[in-house]
Protein chains: 2
Amino acid sequence: MAYRAPVAETVFFLDNCTSLGRLAGKGALAELSTDLVAHVLQEAGKFAADKIAPLNRVGDKEGTPFVNGKVVMPKGWTETYRAWAADGWNAVTGPQEWGGQGLPSMVGTACLEFWNGANMAFGVGPMLTMAAIDALEAHGSDELKRVYLGKMVSGEWMATMQLTEPQAGSDLALLRSRATPAGDGSYRLKGTKIFITYGEHDMTANIVHFVLARLPDAPPGTKGISLFLVPKFMVKADGSLGPRNDLRCASIEHKMGIHGSPTCVMNYGDNEGATGFLVGKENNGLAAMFTMMNNARLAVGAQGVGVGEAATQQAYTYAHERKQGRGQNGKDGPVAIVEHPDVKRMLLTMRALTNASRAICLKNADALDRARHGEGETERRAAGEEAALLTPVAKAFSTDAGIETSSLNIQVHGGMGFIEETGAAQLYRDSRIAAIYEGTNGIQAVDLVTRKITLAGGAVLQRVVAGYRDTADHVAALGDKAFGDTAKRLEATLAALERASEHLLRVLPANPAAALAGATPYLKLFGLAAGGAYLADIALAARAAAAKGDTDPLHPARIATARFFAENLAPVADGLADTVIGGGDSVLRAEAALVA
Amino acid sequence: MAYRAPVAETVFFLDNCTSLGRLAGKGALAELSTDLVAHVLQEAGKFAADKIAPLNRVGDKEGTPFVNGKVVMPKGWTETYRAWAADGWNAVTGPQEWGGQGLPSMVGTACLEFWNGANMAFGVGPMLTMAAIDALEAHGSDELKRVYLGKMVSGEWMATMQLTEPQAGSDLALLRSRATPAGDGSYRLKGTKIFITYGEHDMTANIVHFVLARLPDAPPGTKGISLFLVPKFMVKADGSLGPRNDLRCASIEHKMGIHGSPTCVMNYGDNEGATGFLVGKENNGLAAMFTMMNNARLAVGAQGVGVGEAATQQAYTYAHERKQGRGQNGKDGPVAIVEHPDVKRMLLTMRALTNASRAICLKNADALDRARHGEGETERRAAGEEAALLTPVAKAFSTDAGIETSSLNIQVHGGMGFIEETGAAQLYRDSRIAAIYEGTNGIQAVDLVTRKITLAGGAVLQRVVAGYRDTADHVAALGDKAFGDTAKRLEATLAALERASEHLLRVLPANPAAALAGATPYLKLFGLAAGGAYLADIALAARAAAAKGDTDPLHPARIATARFFAENLAPVADGLADTVIGGGDSVLRAEAALVA
């Protein structure tokens with residue numbers, strides 16, 4: 001399977017449907033142009049396809065054996081990672097002060113999609129390093145930044161996020177790892193962390209662990225959690241590596257997918273305690289961790305898009321090669337299976353879900369960029385709120401779409417899809433984790449309902465939906481037959497979203513459980529609205545470009561994809577709203593049906 | 001994970017919602033009683049849970065290595081299979097004339113669910129033997145029956161179905177294997193078959209292969225295909241085994257799931273040609289194969305139910321054990337995650353999908369039983385048509401449900417679900433094949449639309465839907481608050497199904513492609529209608545039993561499950577109908593978006 005990064009589609013979206021053109025050339029982005037972005041994405045796509053994708057299958061087959069306390073990375077991974085970092089790819093969005101390129105999140109998110117589309121197990125490592133960079137930049141002391149940030153930005157050292165313990169997964173209040181002040185400003189950590197992605201390996205000379213733990217006098221619950229930077233090797237004053245810290249990988253997990261990504265059990269403090277340094281304030285670790293987490297959630301969304309794109313490409317290729325059955329209208333067989341209506345439906349579903357997810361993730365990144373680089377406090381604050389609203393949708397909708405798309409890829413392949421050599425099975429296995437880590441998709445839905453649609457009393461949601469309605473109005477006003485029922489369906493989806501939103505905002509204060517019971521169908525409904533609106537935006541831009549004489553053959557495809565999404569995927573929106581509004585009681589009163 | 005066969009739920013359904021009570025005690029079923037059925041299912045459930053389930057994980061881990069031309073079965077499998085056959089479990093539905101117990105298909109289908117719920121890779125082998133028994137009984141010569149049928153019914157010899165070749169998967173017209181008359185009434189076969197389930201192993205002393213091939217003068221396409229019985233070892237006149245036939249397993253596939261089931265490439269005629277015997281008439285092999293296939297399709301549906309049940313049980317258990325987060329209404333944490341509304345939703349979705357799928361499969365079996373044992377030609381014919389209509393739904397809806405349920409099981413487990421040791425991942429990997437083999441679910445949808453809803457000009461469909469409407473009317477007439485909106489939702493689902501059906505029947509003759517474009521959402525819609533109606537039947541029976549003083553604690557659960565399905569899963573029905581009716585054009589006119 002030859003993965004090709006979707007550079008043209010991404011560049012078209014960034015140029016036509018985001019604020020990139022407006023932000024570029026001003027302020028901190030003074031040196032940026034849309035041409036430069038296109039060039040960066042072109043090169044990123046080349047590296048992803050030529051260097052990273054070929055390592056995907058070997059990573060799946062070899063995994064990362066744990067031998068004598070060391071993780072053995074798959075063949076070729078270390079060299080490729082180092083070449084990748086040396087080419088500056090870890091530093092795309094990193095702060096310029098620390099050697100980064102300071103490119104917008106839109107560019108970084110697109111690149112993350114490419115790395116993960118080429119090889120999800122490879123992409124997940126740097127993704128966490130990048131999230132840690134954000135946290136350290138936002139919350140770390142100058143001294144910690146001076147010692148660690150440059151190496152992390154360049155990718156010379158990778159970083160990890162360490163939250164989970166056996167008894168504390170989604171619920172960090174239950175966290176038990178301990179940190180004791182050592183008297184010299186540092187701390188000694190003891191405890192066990194599990195599910196630590198890239199917790200141990202020798203791809204980089206050092207690994208910078210970001211670990212949540214409790215101080216001796218910490219209050220219980222999440223208000224007593226602090227964040228510590230705990231290096232694998234201590235760093236000497238001259239920047240060279242000193243002795244090994246008192247931490248180790250105890251074992252690695254045998255996972256269903258992303259075999260090339262070592263998932264570690266980490267032990268801290270077998271002896272005197274691992275030396276760690278406080279990041280941010282004492283007992284304020286959750287705030288720092290959420291800086292990482294929000295970045296990582298969007299990045300996981302991009303993983304969903306990446307694996308969805310890879311699966312879509314593979315299915316398209318196979319459907320054009322494989323010949324079975326007679327064609328429509330008496331055409332003699334065998335014909336390529338892409339000619340069968342049901343196969344067309346599968347392929348279009350894959351394409352529509354993938355492009356919609358990409359658009360949601362890039363719009364989320366766009367909002368983050370406007371929150372940082374927008375003009376004036378008002379725009380920046382509004383954009384920050386928009387990003388906050390979109391993040392759970394970007395994470396959950398895109399990863400669900402990645403799973404569905406990789407499942408459809410298997411289905412298009414028939415029996416071949418179930419054979420490991422084909423590669424479709426790996427995408428299916430790999431994609432499944434993305435709906436779980438960095439906050440399960442159920443937690444994303446709860447976050448959306450309890451903390452996001454409620455922002456500014458619902459005004460943020462209203463503003464975003466108003467934008468979607470503008471798109472629907474625009475499509476309706478055109479009356480272009482090529483758009484079919486796109487406007488009508490998008491309007492109906494938005495009406496359903498508004499109906500469900502009003503219900504949730506009304507019942508949430510008095511009866512949160514009733515609102516939470518509808519959280520997952522609500523998030524799906526939100527994704528159908530956002531995805532449908534953004535695909536329509538793309539279609540409108542394609543139509544406008546074609547009207548100006550641009551003969552890009554993808555323009556009709558862009559319109560067809562928006563129409564397919566509207567007429568074939570969005571029609572369940574009203575039913576989802578009914579479920580959000582009317583289904584909660586049957587969830588909450590089903591005690592009898594919930595006995596184990 | 002301790003699998004428990006859902007005996008009580010199955011017996012309740014068979015006793016209250018099928019014709020079992022009416023058929024038992026009469027004609028060929030004179031010796032049958034509902035008590036006997038309950039006893040058989042109790043014992044089957046015990047064997048499945050105690051003997052077969054413990055082999056599930058070892059099969060997944062060991063697989064079936066191919067060593068020196070031999071398939072090595074996982075530890076314990078051969079002994080357990082032989083004990084299972086010796087206990088008569090292969091013979092449950094087999095013809096009494098050949099040593100079978102002649103029990104109804106309802107009982108056989110329930111047993112198949114149990115074997116497959118305990119261990120899908122184990123269950124799939126006998127499933128195909130049973131399908132082959134049907135074909136040989138219906139189409140074989142007396143001589144072939146005499147030599148092979150008794151051994152197949154007892155399970156002393158297993159059987160295989162061999163259709164697929166590298167170029168001929170869903171499209172059997174492309175089949176190339178050759179059979180030449182040998183002059184003595186037998187034939188010599190040459191060719192290669194792929195994806196042959198249990199094509200080679202030493203669990204049984206002989207294997208009886210049922211192979212599709214072409215005679216030298218056969219017309220092209222599917223009208224030139226004949227079915228042959230080709231034994232692994234020739235059978236001597238005294239019934240003892242003779243020399244090995246000219247066929248061999250060339251390799252086995254490395255699959256994503258059902259690792260304990262050897263999937264073989266089979267070569268016929270490396271030397272003089274494999275000796276085969278015609279089953280049925282020359283060039284009429286497809287008819288014989290469809291006897292096997294229809295049986296196998298329902299059986300695969302039962303696999304979906306089985307794996308769904310296993311996944312549901314595992315998730316329920318974990319959700320009661322795992323403690324994370326605070327409870328509703330200020331309840332202190334940590335609470336069992338079953339208390340979180342979103343987890344409740346996942347669990348209820350699993351339970352509702354599994355019970356609905358089981359009901360669809362058992363009603364399909366019920367129709368098969370009435371087609372055989374019903375009173376008078378009219379009932380038997382009508383029942384046969386009903387079975388034909390339900391088969392694609394039973395196969396596709398149940399296997400899709402099994403996949404969704406096994407995915408939700410992973411989600412309920414969070415990170416633990418992605419770790420192979422938990423067992424949730426295996427169910428997810430195993431379940432995926434069921435949507436592909438014995439006719440992909442897309443082909444089931446096409447079958448439903450082109451050959452099934454059209455039966456008797458749509459009258460069969462009307463009859464079945466009228467039955468569902470009776471259920472809805474019954475629920476509505478009760479006005480019982482415990483049913484919530486069950487009646488209203490079921491009525492809306494049926495209205496959507498009728499709307500979509502009328503559309504398909506209208507457009508099918510002139511524009512089959514437009515109908516086929518909506519086949520998959522139509523099948524899903526049909527499943528929501530059928531599943532919703534049958535769950536409501538169960539709930540009505542539970543209510544009636546409770547009203548008579550039956551204190552079975554599952555009665556409230558039955559009502560709650562029907563209500564949850566109606567209010568939370570069925571509301572998308574109207575949107576699916578819209579897609580069937582309005583979405584086809586955007587599928588068929590999307591050429592631009594279908595370029596590879």
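Just so you know, these numbers come straight off a predicted model, no measurement behind them. FYI, side chains are in, hydrogens and waters are out, and symmetry mates aren't considered; it's all heavy atoms of this structure. The sequence lines fix the lettering, A, B, ..., with proteins before strands; numbering per chain opens at 1.
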Please examine the side chains of [Y] and [X], heavy atoms only from C-beta on, and report whether any two atoms are closer than 4.5 Å.
X: B:Gln444; Y: B:Thr399; result: no
X: B:Asn568; Y: B:Thr349; result: no
X: A:Glu420; Y: A:Arg429; result: yes
X: A:Thr263; Y: A:Ile196; result: no

Give the member of [options] that has the highest number of heavy-atom pairs under 4.5 Å with chain A.
options: B:Pro556, B:Gly417, B:Gly257; result: B:Gly257
options: B:Ile433, B:Leu516, B:Leu569; result: B:Ile433
options: B:Met346, B:Glu321, B:Arg489; result: B:Arg489
options: B:Val446, B:Leu174, B:Ile559; result: B:Leu174
options: B:Met416, B:Gln411, B:Lys344, B:Arg351; result: B:Gln411
options: B:Leu588, B:Ile258, B:Val587, B:Asp578; result: B:Val587

I'd like to know if the side chain of A:Thr520 pairs up with that of A:Asn441 as donor and acceptor (distance under 3.5 Å, no hydrogens or angles considered).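 Absent: no donor and acceptor within the cut-off.
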For residues A:Ser406 and A:Ser431, is any side-chain donor paired with an opposing acceptor at under 3.5 Å?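 The answer is yes; a qualifying pair exists.
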Taking atom CE of A:Met256 and atom CZ of B:Phe418, what is their separation to the nearest 0.5 Å?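 With rounding to 0.5 Å, CE (A:Met256) is 5.0 Å from CZ (B:Phe418).
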Under 4.5 Å from any heavy atom of chain A, what part of [X] do you find: side chain, backbone, both or neither?
X: B:Gln167; answer: backbone
X: B:Ile403; answer: side chain
X: B:His254; answer: both

Is there a ring-ring contact (aromatic ring centres under 6.0 Å, His included) between A:Phe195 and A:Tyr437? Walk through the geometry before answering. CA-CA 9 Å; A:Phe195 298 160; A:Tyr437 59 19; over 10 Å; no
Let's go through B:Lys323 and A:Asp171 carefully: what are the C-alpha distance in whole Å and the side-chain angles of both, what is the deciding distance for side-chain contact (heavy atoms from CB on, under 4.5 Å) to 0.1 Å, and is it a yes or a no? CA-CA 9 Å; B:Lys323 291 184 167 54; A:Asp171 184 359; over 6 Å; no
If you tally heavy-atom pairs under 4.5 Å against chain B, which of [options] wins?
options: A:Ala168, A:Ala492, A:Ala173; value: A:Ala168
options: A:Val338, A:Asp585, A:Thr561; value: A:Asp585
options: A:Thr317, A:Thr440, A:Asp574, A:Val595; value: A:Val595
options: A:Glu567, A:Arg558, A:Gln324; value: A:Gln324
options: A:Gln313, A:Glu591, A:Arg322; value: A:Arg322
options: A:Ser407, A:Ala319, A:Gly414, A:Gly333; value: A:Ser407

Could you work out, with side-chain contact (heavy atoms from CB on, under 4.5 Å) as the rule, every residue matching A:Pro521, not counting sequence neighbours?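 Testing A:Pro521 for side-chain contact (heavy atoms from CB on, under 4.5 Å), a comparison that skips the adjacent residues, returns A:Leu576, A:Thr579, A:Val580, B:Arg345.
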Let me know if A:Pro220 has heavy atoms under 4.5 Å from chain B in its side chain, its backbone, both or neither.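 Neither the backbone nor the side chain of A:Pro220 comes within 4.5 Å of chain B.
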Side chain, backbone, both or neither of A:Leu554 within contact of chain B (heavy atoms, under 4.5 Å):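 For A:Leu554, no heavy atom lies under 4.5 Å from chain B.
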Between A:Val265 and A:Ile252, does the side-chain contact (heavy atoms from CB on, under 4.5 Å) criterion hold? Intermediate values first, please. CA-CA 6 Å; A:Val265 173; A:Ile252 72 158; over 6 Å; no
